[in-house]
Asks: 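Below you'll find the structure I mean.
Heavy-atom basis, side chains included; hydrogens, waters and symmetry copies ignored.
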Amino acid sequence: MSLSVVHSRALLGLDARAVRVEVHLANGLPSFTLVGLVDTEVKEARERVRSAMANAGLAFPSNQRITVNLAPADLPKDSGRFDLPIALGILAASGQIDGAQLDGWEFAGELSLGGELRPVRGALAMSLALHREAARTGATTARLVLPPVSAEEAALVADAEVYRARHLLDVVAHFLPEAQQHQQPLDDTGWVRLQAAQQGAGPTYPDLADVKGQAAARRALEIAAAGGHSLLMAGPPGSGKSMLAQRFAGLLPPMDTLEALESAAVASLAGRFDLSRWGQRPTCAPHHSASAVALVGGGSPPRPGEISLAHHGVLFLDELPEFPRAALEALREPLESGHIRISRAAMQSEFPARFQLIAAMNPCPCGYLGHPTRPCRDTPDQIARYQGKLSGPLLDRIDLHVEVPALAPDELLDGPPGERSAQVRERVVAARQRAHHRQGHTNQGLSGRALDAHVGAEAAALKFLNTAAARLGWSARSTHRALRVARTIADLAGSETVEVPHIAEAVQYRRVLRP
């Protein structure tokens, strides 16, 4: 048979689209042509496949005209994931393996020159796409063959039928023609079906008990975790802002299976997935020199940025005013919508970005404005310019602003340890359960009619909020965000209604920096 078809998948954003690898062998001048909107990495597969087949002892049809089409033709293809399906297509077209047996299988893997299989990005996205298609159509899930590491990722999906192969010959041995299968016993040492991976012990996070003092900042972290709110901490150097932020993920409820899969799929797409971190909420902390593309995603083809890698986790931006203004302004829409849509001339990709923003900054360029012992060296104009790097619309979208003052030496050295993360997390989980029972999501997502219907504020509390908003010159967005924070404070207190003390505390969390 001079024509064969092998199935694989190409990545387009977080979606893994089906690809038919069609291989045709014909008489004529010897050539090896790849078509189907392929990138440079895919074109280089010609040399990898030729060398891998030769070094594995397989016959490469070098005296024939080889045409490989990756369909659909308008879907971009990149990376070396198509090496294995191309090699299998050539072997099937030349009659060395049984092409009919390839139906119902999908393959991906990069080949070394010796024939070993190397991991590819997005294996978990491929497995998720197969699972969703099977659930939608009711058909049997296709079997997936992947290299080591990639196969372990794909096996995280429940009911996935994933096989791990270490070498090209491991795959070839399972698709030989029937006559040769009886002559050559199969070598199962490199071919293993993986069972669905199970979560082991719960993930570990740094403990909040390591932080001494800072009662106001710890309270703000608890409120932010309970309601899904964003938080900005302002204080002098060494006051514990970074230490607090690194412990925030440990206050959040444990991830369910769907959240863990979504988070792992984004990490796999970027090549950052680590099986030992399965079920652990990510904390992404990009350097303040990061560009807007690095932060929100982009490139060609589009890749996920830090906000997507922090999906269902924490995005920590230290030294917030030092980030490029364009990068900070790009955060506005994802903070509201929970996703980022990247549009290019040739394609449009959408990535999830439901993260919690934790930011930290100094109050002035030297960092010591308001310090009890060290005087500030900056002029009022310098301080205004420094704080002015953060635009009003961005500050408006950050729910909680809290001051983190410097600790006295005796409080730092002799103070008792703080409350443990596990104790705080119990209250956070209870508050979130109240919110989900009432409205189906966290308080941060309340807006419009849902906010009016579920906030449950007393008349006196609303009157207090109106007075505070008028005196402080708040926008409508700031007022609504303070109301959401008050709803979270009431949930932590176990109150069905939002009362004046809850509003008063929420107002205090928007007075450190005013847009």
Side-chain angles (χ1 to χ4, degrees), residues 214 216-217 220-221 223-224 229-245 285-292 294-296 306-307 315-336 357-407 465 467-482 485 504-515:
Q214 303 298 3
L221 283 179
I223 295 170
H229 305 291
S230 50
L231 170 67
L232 171 61
M233 296 180 287
S239 59
K241 301 184 297 295
S242 299
M243 196 173 184
L244 286 161
H287 192 261
H288 63 257
S289 62
S291 65
L295 204 58
V296 303
E306 295 290 336
I307 63 172
L315 177 68
F316 175 45
L317 301 183
D318 201 4
E319 307 295 343
L320 186 66
E322 303 299 339
F323 278 82
R325 189 179 182 95
L328 293 180
E329 297 307 308
L331 294 176
R332 292 191 200 174
E333 294 86 353
L335 275 171
E336 296 279 351
L357 174 64
I358 305 295
M361 62 174 287
N362 296 325
C364 63
C366 76
Y368 294 103
L369 179 66
H371 195 280
T373 58
R374 299 189 63 169
C376 176
R377 305 189 304 266
D378 302 311
T379 65
D381 187 52
Q382 289 175 319
I383 296 172
R385 280 202 306 269
Y386 180 77
Q387 295 188 359
K389 293 180 180 180
L390 304 179
S391 69
L394 178 62
L395 287 175
D396 227 13
R397 287 171 166 83
I398 300 178
D399 298 341
L400 299 157
H401 306 164
V402 64
E403 186 177 359
V404 185
L407 291 177
L465 179 60
T467 303
R471 290 184 178 179
L472 295 173
W474 284 353
S475 67
R477 180 187 287 117
S478 295
T479 306
H480 283 163
R481 287 185 179 272
V485 172
E505 183 177 359
V507 169
Q508 295 301 314
Y509 293 125
R510 295 195 69 86
R511 297 186 62 191
V512 176
L513 289 175
R514 292 177 58 187

Asks: Roughly how far apart are His229 NE2 and Ile398 CD1, rounded to 0.5 Å?
Replies: 13.5 Å
Asks: Testing the basics here: between Pro236 and Ser239, what is the closest heavy-atom pair and its distance to 0.1 Å?
Replies: O-OG, 2.9 Å
Asks: Does Asp396 come within less than 4.0 Å of Arg510, counting only side-chain N to carboxylate O?
Replies: yes
Asks: I'd like to know if Glu336 and Arg481 make a salt bridge, using a cut-off of under 4.0 Å between side-chain N and carboxylate O.
Replies: yes
Asks: Could you tell me which non-hydrogen atom of Ala327 sits nearest to which non-hydrogen atom of Ala290, and how far apart they are?
Replies: CB-O, 4.1 Å
Asks: Atom CG in Asp378, atom OH in Tyr368: separation rounded to 0.5 Å?
Replies: 11.5 Å
Asks: Can you tell me how far CG of Leu357 sits from CG of Leu315, rounded to the nearest 0.5 angstrom?
Replies: 5.5 Å
Asks: Indicate yes or no: at least one non-hydrogen side-chain atom of Ile223 is less than 4.5 angstrom from one of Asp399.
Replies: no
Asks: On a heavy-atom basis, which atom in His288 and which in Asp318 lie closest, and how many Å separate them?
Replies: CB-O, 4.1 Å
Asks: Kindly indicate whether the side chain of Leu331, heavy atoms from C-beta on, has any atom under 4.5 Å from the side chain of Leu317.
Replies: yes
Asks: Nearest 0.5 angstrom please: His401 NE2 to Ser230 OG, how far?
Replies: 7.0 Å
Asks: Working to the nearest 0.5 angstrom, can you tell me the gap between Ser242 OG and Met233 CE?
Replies: 7.5 Å
Asks: Report yes or no: do Tyr509 and Glu505 form a side-chain donor-acceptor pair below 3.5 Å?
Replies: yes
Asks: Any side-chain heavy-atom pair from Ser478 and Leu472 closer than 4.5 angstrom?
Replies: no
Asks: Taking side chain as C-beta onward, heavy atoms only, is Pro405 less than 4.5 Å from Gln214?
Replies: yes
Asks: What are the two closest heavy atoms between Leu232 and Ala360, and how far apart are they?
Replies: CD1-N, 4.2 Å
Asks: Under a 4.5 Å cut-off applied to non-hydrogen side-chain atoms, are Glu329 and Phe323 in contact?
Replies: no
Asks: Contact between Leu320 and Lys389 at the side-chain level, heavy atoms closer than 4.5 Å - yes or no?
Replies: no
Asks: Do the non-hydrogen side-chain atoms of Val402 and Leu221 ever get within less than 4.5 Å of each other?
Replies: no
Asks: Any idea which heavy atoms bring Asn362 and Gly367 closest together, and the distance?
Replies: CB-CA, 3.9 Å
Asks: Using a cut-off of 6.0 Å, state whether more than 12 heavy atoms not belonging to Arg332 lie near its atom CZ.
Replies: yes
Asks: Can you tell me if Arg377 has over 12 outside heavy atoms packed within less than 6.0 Å of its CZ?
Replies: no
Asks: Evaluate the side-chain proximity of Pro363 to His371: yes if any heavy-atom separation is below 4.5 Å, no if none is.
Replies: no
Asks: CZ of Phe316 to NZ of Lys241: how many Å apart, nearest 0.5 Å?
Replies: 8.5 Å
Asks: The test is side-chain contact (heavy atoms from CB on, under 4.5 Å); show your working for Cys366 and Arg374 and say whether it passes.
Replies: CA-CA 10 Å; Cys366 76; Arg374 299 189 63 169; over 6 Å; no
Asks: On a heavy-atom basis, which atom in Pro286 and which in Leu295 lie closest, and how many Å separate them?
Replies: CG-CD1, 3.7 Å
